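Not measured: the values here are computed from a predicted model. Below, each value reflects all heavy atoms present in this structure, side chains not excepted, and no hydrogens, waters or symmetry copies. Chain letters run A, B, ... following the sequence lines, proteins first, then strands; residues in each count from 1.
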Number of protein chains: 2
Amino acid sequence: MKNPDTFPTVLRELLRTHQAFLSYAASHVQKLNLTLPQFDVIITLGGTSGLPYKTLGEKTLITKGTLTGVINRLEDKGLIQRVASKTDGRSQIIRLTEAGNALFKCAFPEHLTFIGRLFDDYSPEDIATLEADLVRLHKAVSTARGAGETLNDDEYEE
Amino acid sequence: MKNPDTFPTVLRELLRTHQAFLSYAASHVQKLNLTLPQFDVIITLGGTSGLPYKTLGEKTLITKGTLTGVINRLEDKGLIQRVASKTDGRSQIIRLTEAGNALFKCAFPEHLTFIGRLFDDYSPEDIATLEADLVRLHKAVSTARGAGETLNDDEYEE
DNA sequence: CTCAGTTTGTTCTAATTAGAACAAAATAGT
DNA sequence: ACTATTTTGTTCTAATTAGAACAAACTGAG
């Protein structure tokens, strides 16, 4: 094992930075009376005419068992609706309602501004370096999980 | 706002990398019949004669409302015990039992090896760069939350 | 000694996490 | 047409998340 004195602090910093970021992002989203996973679903659906449940799960990092509950609560708030697929009896298409779309159009640019502030002092190279570091760690984890297991496209492109 | 086309992908990568890492770490800890927060408490207590509840919360990133439940379940498993403070009627000292200590001594080195594998191809400079990037983002978040708010020592040193 | 303010850990809350198990529908092979 | 396998989304489970509210104990000022 290499670097035994330093990797624990790196990983702790990953966890702390992640937690700090979620807390920061949530502080804005709470004003919309939404939770982060709920908002994530709305911004993923924004600008589309609807997505299959499975695709929505892939794009949002919410596992399917959990996603049902998140969608139920958004449906209760009148922000999304489920539409049965015409071609596959198992499938559902999830899409924003008019209210959901209005919220998306108003809140998403605000949220981008709110989050974008974190990077006010970053150059494009700084951001590229950070992203490259995270991608590398992500690949290291995937490699360690299963030798040769490749990640699907969505995990590296967006 | 600067870099509007790139920061969303960086943040998504932070979330994905974090999720992938947790899943990887959990796959080892599950073999001990523990969850990640439970194991985190055990390795935080390992090598000490006990820590006050408050200190434990600070070191583990588990908020105090949640920590009570995690400690209850570890107590039920016979791995830790609560000891009333002799000097402060409100405080409790949390410490490992003999069983907890034995598990720590056995499992912690294994876990370090398991996690250390992620960094087999990293040089010390690579790790330093990654950590610096994460610390910088963490500071950016803290700065955005409250101008001038300083982080306590523990968030940057370990 | 008294009192106001702060600290500590618990209880409570709604939501989420990450699967496993399941039923219904689709697919592929014969 | 039949059958086995796979896929899709739901239900269920135990645990966790992140506070807010609370009661008991402590601290500091007067």
Charged tip of R90(A) within 45° of Y53(A) ring normal and under 6.0 Å: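 No, R90(A) and Y53(A) do not form such a contact.
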
No-hydrogen, no-angle side-chain donor-acceptor test under 3.5 Å, T35(B) and R73(B):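 No, no side-chain donor-acceptor pair sits under 3.5 Å.
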
Residue pair D126(B) / T129(B), side-chain donor-acceptor N/O under 3.5 Å: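 Not at all, the side chains of D126(B) and T129(B) share no donor-acceptor pair under 3.5 Å.
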
Most 5' of G69(A) and T68(B) on DNA chain C, judged by nearest nucleotide: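 In this pair, the answer is T68(B).
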
Shortest non-hydrogen contact between F114(A) and S27(A), atoms and distance: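 Minimum heavy-atom contact is CZ-OG, 3.5 Å.
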
Starting at atom [atom1] of [X], determine the distance to atom [atom2] of [N], rounded to an integer number of angstrom.
X	N	atom1	atom2	result
N72(B)	dG9(C)	CG	P	13 Å
Q92(B)	dT11(C)	CD	P	10 Å
I71(B)	dA15(D)	CD1	P	16 Å
D88(B)	dG9(C)	CG	P	8 Å
L15(A)	dT16(D)	CG	C1'	15 Å
L67(B)	dC12(C)	CG	C1'	16 Å
E58(A)	dG9(D)	CD	C1'	14 Å
L56(A)	dT8(D)	CG	P	14 Å

Touch class at under 4.0 angstrom, heavy-atom based, for S91(B) against every strand present: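 The answer is sugar-phosphate, as S91(B) gets under 4.0 Å only of primed atoms, P, OP1 or OP2.
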
Option among L56(A), L61(A), T55(A) that satisfies the side-chain contact (heavy atoms from CB on, under 4.5 Å) test with K59(A):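 The passing option is T55(A).
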
Over 12 foreign heavy atoms within 6.0 Å of CG, N33(B):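 No, CG of N33(B) has 12 or fewer neighbouring heavy atoms, counting only those of other groups under 6.0 Å.
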
Qualifying ring pair (Phe, Tyr, Trp, His ring centres under 6.0 Å) pairs, either residue in residues 60-98 of chain B, two or more places apart: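 Residue pairs with at least one partner in residues 60-98 of chain B: there are none.
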
Residue pairs passing the salt bridge (Lys or Arg N to Asp or Glu O under 4.0 Å) test where at least one lies in residues 28-57 of chain A, sequence neighbours excluded: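 Listed by first then second residue: K54(A)-E58(A).
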
Side-chain N or O of T35(B) closer than 4.0 Å to phosphate OP1/OP2 of dA14(D):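 No, T35(B) has no side-chain N/O under 4.0 Å of OP1/OP2 on dA14(D).
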
Tabulate atom names and distances for all N/O pairs under 3.5 angstrom spanning the protein and nucleotides 17-19 of chain D.
from: dA18(D); atom 1: OP2; to: Q19(A); atom 2: NE2; distance (Å): 3.4
from: dA18(D); atom 1: N7; to: T66(B); atom 2: OG1; distance (Å): 2.8

Close residues, residues 74-86 of chain A, relative to DNA chain D [heavy-atom separation under 4.0 Å]: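 Those residues whose heavy atoms fall under 4.0 Å from DNA chain D, taken from residues 74-86 of chain A in numerical order, are R82(A).
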
Whether F119(B) and Y122(B) hold their rings parallel, tilted or perpendicular, with breakpoints at 30° and 60°: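 F119(B) vs Y122(B) ring planes: perpendicular.
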
Whether F39(B) and H111(B) hold their rings parallel, tilted or perpendicular, with breakpoints at 30° and 60°: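 The rings of F39(B) and H111(B) stand perpendicular, inter-plane angle above 60°.
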
With D121(A) via salt bridge (charged side-chain N to carboxylate O under 4.0 Å, His left out) - residues at least two apart: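 Salt bridge (charged side-chain N to carboxylate O under 4.0 Å, His left out) list for D121(A), sorted by chain: empty.
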
Polar atoms only, N or O, under 3.5 Å: list the protein pairs with nucleotides 3-7 of chain C and their distances.
from: dT7(C); atom 1: O2; to: R90(B); atom 2: NH1; distance (Å): 2.6

